[in-house]
K.L.:
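Before anything else, here's the structure in question.
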Amino acid sequence: MGAESVNVDGANVADNVDGAVAGIAAVDLNGSAKTEIVDGVGSGSEDEEDAGEAGDNSSEPKKKKKKKRSKKKKSGAAPSNGAGGAGGPAVQTEPPTVGLSRFFLDKVYPEGEICEYKDENNFRTTNEEKRYLDRMNYDALNDLRKAAEAHRKVREYARKYIKPGLTMIEIAETIENASRALSEGDGLEAGVGFPTGLSLNHVAAHYTPNGGDKTVLQYDDVMKVDFGVHVNGRIIDSAFTVAFDPKYDRLLEAVKDATNTGIREAGIDVRLCDIGAAIQEVMESYEVEIDGKSFQVKSIRNLNGHNINQYQIHGSKSVPIVKGGDQTRMEEGETFAIETFGSTGKGYVRSDGECSHYARNADAGHVPLRLNKAKTLLHSIEKHFGTLPFCRRYLDRIGEDKHILALKNLVQAGVVEEYPPLVDIKGCKTAQFEHTIVLRPNVKEVVSRGDDF
Ligand code: 57R
Ligand code: CO
């Protein structure tokens, strides 16, 4: 996995020309300081608005005057939490621990990839009524963009950190801690959107380690890193696949191409079945050779993308990744997770293995519960997660460590739904790529797009 270039001698670095600032990041555990360019744009900390001359009432934006930064002492002494102390520029640490609002002091978060709609919907780009409608949803979109920026920064770090030899628990907790720190929350206000999926090889989805899981990542593994970040319930669901052996590169390329095809085809009034057909055509146009055996890559026909609502990861619409899906259309204002799964196996998954993923069943009304432990567990689930999916490790960390029997009771009562691992045939390899898109009234925004994928 690519490493970020860091300057390890802690030398001061001058501000660079475009307003981004370099700060001496936290001194890491073995004492060597890492210098990481952090984007000061929007931070305001380095540039001061030039008040211009008294009485200056020109409408021209004031020329920005650069305030000379006082050179940091050679020792590179910097606040260990990277928060930059009073007034100084914020610097990010590795792993990320400083919240995004320290880098976007105006609380305006970067937009994703903007795509114009095609054909009969192209008018929307400039239509005043659609642009007005778009402005109505600014706060929700800005929350989603903050979650997306956090997701990008988490996966940027994760790509450097994830190596064979780490346990699945170390990987999951590193991703979850960074997600909470960057989004600045640990519950319903912001934080982890759903359990960190780390499904390996023939397991396509819904695996995250439970407490005590000793599984160690291997060089030959193909791991789907599917994690969510939310801000006020606006969830980013985005995933990528990690493989260390280059023999899997073409499999990953096939799935990335299929996902980008789904993103390109998506749009207002587009039929879900047409997206599925386009995805399958691209996916199955790839032939891969692994260990001397050749495979036509298969779309996993019973896995789908899905629409996302506030605090609800899986809405009422599923986006098929094969042809023959339903003719329901995408609609203005909807948010979708466009995800595809490619497999060298059957291209079909079934539930198997120990369950880790759960979610409160939003449709279940009041159900009488016999077990008192079940009642208190349900109350704790509602308080900490609401309708966000959770896993057993998250119950452990909120102090509900003796939850097995009570959780089983809630599942049997239909109050909580379980989502066991979804597996293709043993020995095969599956890969996944996923982005979250918003069908804004005037443009389609791929909110979670990054320079990685
Ligand atoms: O993206 C309970 C979760 N999601 C976590 C995430 O697609 C999700 O079609 C759902 O924890 C629940 C799919 N599944 C069918 C069997 C219905 C899966 C693909 C993986 C995943 C995790 C997903 C799916 N559906 N919703 C989000
Ligand atoms: Co998803």
Side-chain angles (χ1 to χ4, degrees), residues 147-148 151 155 172 175-176 179 191-200 203-210 223-230 233 235-241 255 258-259 262-263 266 272 275-276 279 299-309 311-322 325-326 335-343 347-364 381 385-395 407 410-411 415-424 430-437 446-448:
H151 198 283
R155 61 189 202 238
I175 288 172
E176 288 150 7
S179 297
V192 168
F194 54 84
T196 304
L198 296 173
S199 305
L200 295 170
V203 184
H206 293 167
Y207 162 82
T208 196
N210 284 325
M223 176 169 71
K224 281 69 68 186
V225 182
D226 185 353
F227 70 100
V229 184
H230 85 93
I235 308 166
I236 285 288
D237 181 0
S238 177
F240 61 100
T241 300
V255 184
T259 296
I263 292 167
L272 298 172
I275 299 172
I279 287 169
S299 258
I300 299 182
R301 63 180 184 273
N302 60 329
L303 285 181
N304 316 281
H306 46 94
N307 65 324
I308 304 175
N309 300 312
Y311 292 104
Q312 188 187 32
I313 185 60
H314 202 318
S316 57
K317 293 183 180 178
S318 290
V319 185
I321 61 176
V322 292
D326 71 25
T335 299
F336 280 93
I338 302 295
E339 57 190 308
T340 73
F341 293 81
S343 177
Y348 185 81
V349 288
R350 57 183 176 78
S351 298
D352 185 37
E354 185 179 275
C355 190
S356 56
H357 283 52
Y358 299 85
R360 174 89 168 77
N361 187 338
D363 306 334
I381 288 168
F385 312 112
T387 50
L388 291 177
F390 59 93
C391 63
R392 286 170 37 184
R393 279 182 299 111
Y394 301 172
L395 295 179
L407 185 59
L410 293 177
V411 169
V415 173
V416 165
E417 199 157 339
E418 61 179 7
Y419 295 72
L422 299 168
V423 308
D424 198 327
T430 62
Q432 172 197 20
F433 282 90
E434 174 178 31
H435 273 304
T436 295
I437 69 172
V446 188
V447 203
S448 52

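Both ligands and their constituent atoms are indexed starting at 1 by order of listing. Source: prediction; values computed, not measured.
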K.L.:
What protein N/O/S atoms lie closer than 2.8 Å to the Co ion (ligand 2)?
P.N.:
Asp237 OD2, His306 NE2, Glu339 OE2, Glu434 OE2
K.L.:
Decide whether Asp424 and Thr430 meet the rule of one side-chain donor and one side-chain acceptor closer than 3.5 Å.
P.N.:
no
K.L.:
Report the distance from atom NE2 of His357 to atom OG1 of Thr196, rounding to the nearest 0.5 Å.
P.N.:
8.0 Å
K.L.:
Would you give the length of the straight line joining atom OG of Ser356 to atom CZ of Phe390, rounded to the nearest 0.5 angstrom?
P.N.:
11.0 Å
K.L.:
So, Asp237 side chain and Thr436 main chain: donor-acceptor pair closer than 3.5 Å or not?
P.N.:
no
K.L.:
Report every pair formed by an N or O atom of ligand 1 and a protein N or O atom separated by less than 3.5 Å, giving atom names and the distance to 0.1 Å.
P.N.:
unit_1, atom_1, unit_2, atom_2, d
ligand 1, 1 (O), Asp226, OD2, 3.3
ligand 1, 1 (O), Glu339, OE1, 2.9
ligand 1, 1 (O), Glu339, OE2, 2.9
ligand 1, 7 (O), Asn304, O, 3.3
ligand 1, 9 (O), Asn304, N, 2.9
ligand 1, 9 (O), Asn304, ND2, 2.8
ligand 1, 25 (N), His314, NE2, 3.4

K.L.:
Evaluate the ring planes of His151 and Phe227, with Trp represented by its six-membered ring, and classify them as parallel (under 30°), tilted (30 to 60°) or perpendicular (over 60°).
P.N.:
parallel
K.L.:
Does the plane of the ring in His206 sit parallel, tilted or perpendicular to the ring in Tyr419? Use 30° and 60° as the thresholds.
P.N.:
perpendicular
K.L.:
Please name all residues satisfying salt bridge (Lys or Arg N to Asp or Glu O under 4.0 Å) with Arg301, sequence neighbours left out, ordered by chain then number.
P.N.:
none
K.L.:
Tell me every residue that passes salt bridge (Lys or Arg N to Asp or Glu O under 4.0 Å) with Arg392, counting only those two or more places apart in sequence or in another chain.
P.N.:
none
K.L.:
Has the side chain of His230 got a donor or acceptor atom that lies under 3.5 Å from a matching backbone atom of Tyr311?
P.N.:
no
